[in-house]
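Atoms within each ligand, like the ligands themselves, are counted from 1 in listed order.
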Amino acid sequence: MSSVKKYTYGEPFFTEAVVKEIERSAGDPAEFIVDKKARTFIYKLDPSTVCYGLGETVRGMNKRGWLYISNNTDEPHHEEGKNSLYASQNFLLIWSKKELFGIFIDYPGRLSFDIGYTETDTLTITFDDLDADVYIIRGESAEDIVKTFRGLIGKSYIPPKWAFGYGQSRWGYKSADDIREVAREYKKAGIPLDMIYLDIDYMEAYKDFTTNKETFPHFKEFVKEMADEGIHLIPIIDAGVKVEKGYEIYEEGIKGDYFCKDELGKPFTAAVWPGAVHFPDFFKEDTRKWFGDKYSKLVEMGIEGFWNDMNEPAIFYSDKGVKEAKKKLAAIPEKELTFENCGAYRDALSTLDDTYRDYHSFYHDVNGKKVRHDKIHNLYGYNMTRSAGEAFQRNYPDKKILMFSRSSYTGMHRYGGVWTGDNASWWSHLALNIAQMPALNMCGFLYCGADLGGFNDNTTEDLMLRWIAFGMFTPLMRNHSALGTRVQELYRFKNKETFANFIKLRHAFIPYIYDEFIKAAENDTMYFRPLSFVYSDDERTFEIEDQLLVGDSIMIAPVYKQNARGRMVYLPEDMKLLRFRGVEDYDVEEMKAGDHYVRAELNEVLVFVRHGRKFEIDDNSHI
Ligand code: MIG
């Protein structure tokens, strides 16, 4: 039997994360010591307590032992020391030998989860403002609790089936010819390719919903040309709208009063890629409708998928920031080359992109009420993506459009998926990718994936091979990298044949992957599960963060260490190991429960089939 209790504090903002009416319980949740003055919820952690959840964050699956802050941030360095990434999912599963429950905190402002960080045996949740709905979910098992939570927040977004193919992306494809070259080289190498992503370079001066007439001429025909090659083009859309007289979106935004305002009631201005931009106020229904309808400009040219970026929103700097920096610079004594002055120069400029200041200086119009951005900050990307999702449902009710976003909050999972942003070409980020997937799934985000091969820094061929061997199980399978880094299209490497085999394997796995994905979406279950969710009687499984159950039938144990030719794998039950080198080239081995050192060469993909389950592949699968 599962149960949900809802406790309301202060005046919660209506986030629309929860779609189910739950009656309000009186008092405080018995699980926590609530200190309203300090705005904290405190829970004593048992030595056996494991905490799962929080969506896409740094570190491992068990969130115990670190400080996580829900504060959506354009954070391009996903190091262990970071507290916030792009998204906030305030769902935590607390699981010890003594008890098991979930907590969801529906609060769009800054919220911190000190999970045994300050004091190893204490979980302290601290709110900026105690205006929140707090849900306590109980159930018989972790899966039961997740299912109940998912029932509260509504069904997950389902992308078109072709979006389960393989996509190539890179920041810096400058022209249609660059894109053609990618398509051609993939073909030449015999590596299947289903999508090419268009990063900001396809636009004219980084203006949303424009296409560059010089570098991407005859865009509609170009989209068709690629479609004829079996390739979907997926353009990026950024949150900020360029301030430019005569630019349709800007003019309409001003006329329709669709932008966020500053203290004085003028459209708030900040600098991002296009230079000065205004941010659409996605909390207004008419803004959402207006902006969402603009995606049709590209849909009418044959586009069937998008990725929403910079929607935390990311801000490079603002007028206020520049003024502050100038003032600080002016105060530094001239000509004195001292260590202190060096620090002062640095400090003056480093506060240029102080988003804390900027998020406190613009406002939204929520049903006629002025709400300062920081109070509802974590909802911005959600509402941008919602604006698109609502428009797609309205304008193309019979069509499925691919949509995923960088920033998110619970509720956005109904409108799109997510990618995990600017990771790096590091082995540790392949491990991070593994740990992040089930955490996202718990919170309703099923269509997700990371930049395969790594975004920042230079990749290596072996990292790419291992990452693709894992990425072929993630619903969103995209190779993406940053401008200036080593090129990493699969045809650039020596082992083209292996890469071709891997992508063909992905295709052959799609019937399984897609079925399991749809099952998870329809039944509010998880596509990726930690082992402990299924084998909770086996204590060992709580410590395994580098193996995952994928759907109901299989387990994977990716290799994520350089120069490793295998790894230790823990089998909680007898399983059958399928060792794939290609769609038709695989061995089968029966394996007993327990610890094993399992060889896995760079050209192999290992699938462990659970006892009594089936894993069928389709060697003729096309999408
Ligand atoms: O400031 O559009 O996370 O995927 O390639 C960087 C350029 C802006 C950040 C995204 C990344 C994308 C990049 N964008």
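Listed by number with element, the atoms of ligand 1 under 4.0 angstrom from any heavy atom of Asp422 are 3 (O), 4 (O), 9 (C), 10 (C), 11 (C). For ligand 1, the atoms sitting less than 4.0 Å from at least one non-hydrogen atom of Ile200 are 2 (O), numbered in the order shown with element in parentheses. Near Phe455, meaning under 4.0 Å from one of its heavy atoms, ligand 1 places the atoms 4 (O), 5 (O), 11 (C). In the vicinity of His480, heavy-atom distances shorter than 4.0 Å reach the ligand 1 atoms 4 (O), 5 (O), 11 (C), 12 (C). In the vicinity of Trp419, heavy-atom distances shorter than 4.0 Å reach the ligand 1 atoms 3 (O), 4 (O), 10 (C). Within ligand 1, counting atoms from 1 as listed, the ones closer than 4.0 Å to a heavy atom of Ile236 are 2 (O).
No part of Tyr86 comes within 4.0 Å of ligand 1, judged by heavy-atom distances.
Under a 4.0 Å N-O distance rule, the pair Asp177/Arg180 qualifies as a salt bridge. At a threshold of 4.0 Å, the pair Glu221-Lys224 does not count as salt-bridged, since none of the basic side-chain nitrogens sits closer than that to a carboxylate oxygen. The existence of a salt bridge linking Lys323 and Asp319 is excluded, since no basic side-chain nitrogen approaches an acidic carboxylate oxygen closer than 4.0 Å. Under a 4.0 Å N-O distance rule, the pair Arg184/Glu229 does not qualify as a salt bridge. In this structure, Arg288 pairs ionically with Glu390, as a charged nitrogen and a carboxylate oxygen lie closer than 4.0 Å.
No N or O atom of Trp171 sits closer than 3.5 Å to an N or O atom of ligand 1.
Nearest to atom 5 (O) of ligand 1 among the protein's heavy atoms is Asp199 OD2, 2.5 Å. At the top of the distance list for atom 10 (C) of ligand 1, counting protein heavy atoms only, stands Asp309 OD2, 3.2 Å.
When ring centroids are compared, His360 and His373 stay outside the 6.0 Å threshold. Centroid-to-centroid, the aromatic rings of Tyr258 and Trp290 come within less than 6.0 Å.
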